[in-house]
Q: 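Below is a structure I'd like to ask you about.
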Amino acid sequence: MTAAEPEGEREGERGAAREQLPALAERRTQLLAWYRRAHRDLPWRRTRDPYAIWVSEIMLQQTRVETVLAYYDRFLARFPDLFALAAAPLDDVLAAWSGLGYYRRARFLKSAAELLARDAGGRFPRDVAAAVLLPGIGRSTAGAIVSIAYGTRAAVLDGNVKRVLARLAGLAELDGAPLEKRAWPLAEALVDCDAPGDVNQSLMELGATVCLPFAAARCEECPWRDGCRARAAGTVESLPQSRPRAALREETWLVAVVRRGSRFLLRRRPPTGLLHDLFELPAFESGSAAPDEAQCRRLLARALAAQFGGAPQIGDELLLHRQVISNRRVALRAFAVTLDTRPRPPARFATAAELRELAITTATRKIVARLRAEATRTAALSGPARARTSKRPPPPAAAS
DNA sequence: AACTCGGGGAT
DNA sequence: ATCCCAGAGTT
């Protein structure tokens, strides 16, 4: 379902929604009363600034509140308004986003800020139809921003709201287009009032804190416990009906740890595909799920030679880091490497301080942290004044 | 309609 | 291990 749907049709569906949900106004009142009593105090609920609310909604896409809390204030301090974001270098924006994931969100956010700064006097649109034209803003996010920031009557249908409405109305359709076709009209009917922003936030808050997935639902605390069709039918745990997801691909990435003093060599990832343009410890997909160690050394040497030239020397295997990245389960095998060439920009040796201020991948952040911890432990064991004497380093640490 | 795109926390 | 999260864009 798209935002371009004819208004007449949508109005008709909303009428049907009213029949499905009798006493809609009373339900809304119960919901808002619960929200005023039970809602969490979140930083983006302390502002009416459309830009700040926009930033929060983008960060919150597919991302939990607790995760966003660690980024939101810092991001706004660094990019306090739309013009600051529009004028900032993309690398700075990505650095502030580093660790949040779905980096396309940050690129879209900045590019939309540039658009609005140039063509709209820096003002975020007040209606859904204009907001959805901006990159990174779909129907749900558009509804959230304009309803919360301006009080525009626009609905939200994110994962939380979908679950709440599917249970409330007993919608058994498979998650995806079929369920959304039923749920959007309900969401639209509920925000057709004088407090659409609060209604939307109430629905999201209810889904995030009470109407939780599966058996985690806390129905006793729900303001809608008496009218909920799923609760009456005993189907709370099975709604919404989620569709099976694709299996994770298994991959092995070979990681080069090139040190210069306390600094680590970083390269910029290729300009397309996963984590594109972010900085990382040079990592190369092995093309095989479980290569043996000799294959790893050959592959890594060849990849490094192609990237940096010369004849890279592959030393000890230092650690194994496991991480799920997007739709892959990745085993990152890190090797100590010596290069006989001088890496050229944008590859660079980065200090600990620089690592904190660069747009680096989470895998790199975690691997560097483990290597530093290892170095600290080794130094403490052997003493500051003594050179390392053991010829044989400890075997690779177990997966984290 | 299926796939891409990150990372983390709860269960 | 599995699920899913204040989803959107591309194919």
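Naming convention: chains lettered A, B, ... in sequence-line order (proteins, then strands); numbering from 1 in each chain.
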Q: Applying side-chain hydrogen bond (donor to acceptor under 3.5 Å, both in side chains), can you list everything that pairs with A:Lys162, at least two apart in sequence or on another chain?
A: A:Asp175, A:Glu180
Q: Look at A:Gln61 and C:dG7 and indicate whether a side-chain polar atom (N or O) is within less than 4.0 Å of OP1 or OP2.
A: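 False: A:Gln61 side-chain N/O out of range (4.0 Å or more) of C:dG7 OP1/OP2.
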Q: What's the CD1-C1' distance between A:Ile148 and C:dA6, to the nearest Å?
A: 8 Å
Q: Between A:Thr272 and A:Tyr71, which has a closest nucleotide on DNA chain B that is more 5'?
A: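 Upstream on the strand: A:Thr272.
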Q: Looking at A:Trp97, I'd like to know if the NZ or CZ of A:Arg107 sits under 6.0 Å from its six-membered ring centre while staying within 45 degrees of the ring's axis.
A: no
Q: DNA chain C: A:Ala142 or A:Arg245, which has the more 5' nearest nucleotide?
A: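 With A:Ala142 and A:Arg245 compared, the 5'-side residue is A:Arg245.
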Q: Categorize A:Gly176 for me: base, sugar-phosphate, or nothing, with a 4.0 angstrom heavy-atom threshold over every strand shown.
A: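 The residue A:Gly176 makes no contact with any strand.
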Q: With a 4.5 Å limit on heavy-atom distance, are the side chains of A:Trp224 and A:Val164 in contact?
A: yes
Q: Find which nucleotide of DNA chain B each of A:Ile325 and A:Arg243 is nearest to by heavy atoms, and output the residue with the more 5' nucleotide.
A: A:Arg243
Q: Is it true that the side chains of A:Thr63 and A:Arg105 contain a donor and an acceptor less than 3.5 Å apart?
A: yes
Q: Determine: side-chain N/O of A:Lys366 to OP1/OP2 of B:dG8, distance under 4.0 Å, yes or no.
A: yes
Q: Would you please confirm or rule out a distance under 4.0 Å between OP1 or OP2 of B:dG7 and any side-chain N or O of A:Thr362?
A: yes
Q: What distance, rounded to whole Å, do you find between the two P atoms, one in B:dT4 and one in C:dA6?
A: 24 Å
Q: For A:Ser98 and A:Arg365, which I'm curious about, is there any donor-acceptor pair between the side chains at under 3.5 Å?
A: yes
Q: Heavy atoms only, 4.0 Å cut-off, all strands: where does A:Val68 land among base, sugar-phosphate and nothing?
A: nothing
Q: Separation of A:Arg329 atom CZ from C:dT2 atom C1', in whole Å?
A: 10 Å
Q: Could you tell me the separation between the CG atom of A:Leu248 and the P atom of B:dC3, rounded to a whole number of Å?
A: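 It works out to 13 Å between those atoms.
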Q: C:dG9, OP1 or OP2 - any side-chain N/O from A:Arg107 closer than 4.0 Å?
A: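 Looking at the OP1 and OP2 atoms of C:dG9, neither is under 4.0 Å from any side-chain N or O of A:Arg107.
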Q: When you check the phosphate oxygens OP1 and OP2 of C:dC4, does a side-chain N or O of A:Ser242 lie under 4.0 Å from one of them?
A: yes
Q: NA contact type, A:Arg249, heavy-atom cut-off 4.0 Å: base, sugar-phosphate, or nothing?
A: sugar-phosphate
Q: Check the orientation of A:Tyr72 and A:Trp44. Use parallel for under 30°, tilted for 30 to 60°, and perpendicular for over 60°.
A: perpendicular
Q: What integer distance in Å separates A:Leu278:CG from B:dG6:C1'?
A: 10 Å
Q: Kindly say if A:Tyr102 contacts the phosphate of C:dC5, meaning a side-chain N or O under 4.0 Å from OP1 or OP2.
A: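 No, outside the criterion.
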Q: Using a heavy-atom cut-off of under 4.0 Å over every strand shown, decide if A:Arg45 touches base, sugar-phosphate, or nothing.
A: base
Q: With no angle test and no hydrogens, is the base of B:dG6 tied to the side chain of A:Thr63 by a donor-acceptor pair under 3.5 Å?
A: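 Per atom types, the contact qualifies.
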Q: Does A:Thr141 put a side-chain nitrogen or oxygen below 4.0 Å from OP1 or OP2 of C:dA8?
A: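 Affirmative; the distance criterion is met.
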Q: Looking at A:Arg105 and B:dC5, is any side-chain donor or acceptor paired with a base atom of the opposite kind under 3.5 Å?
A: no
Q: Distance under 6.0 Å and angle within 45° of the ring axis: does A:Arg28 meet both against A:Tyr35?
A: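 Judged by the rule, A:Arg28 and A:Tyr35 form no cation-pi pair.
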Q: Give a yes or no on whether a salt bridge exists between A:Arg268 and A:Asp91, defined as a side-chain N under 4.0 angstrom from a carboxylate O.
A: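 Salt bridge between A:Arg268 and A:Asp91, a charged N being under 4.0 Å from a carboxylate O: yes.
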Q: Check DNA chain B against residues 194-214 of chain A and give the residues with a non-hydrogen atom under 4.0 Å, in numerical order.
A: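 Within residues 194-214 of chain A, no residue comes under 4.0 Å of DNA chain B.
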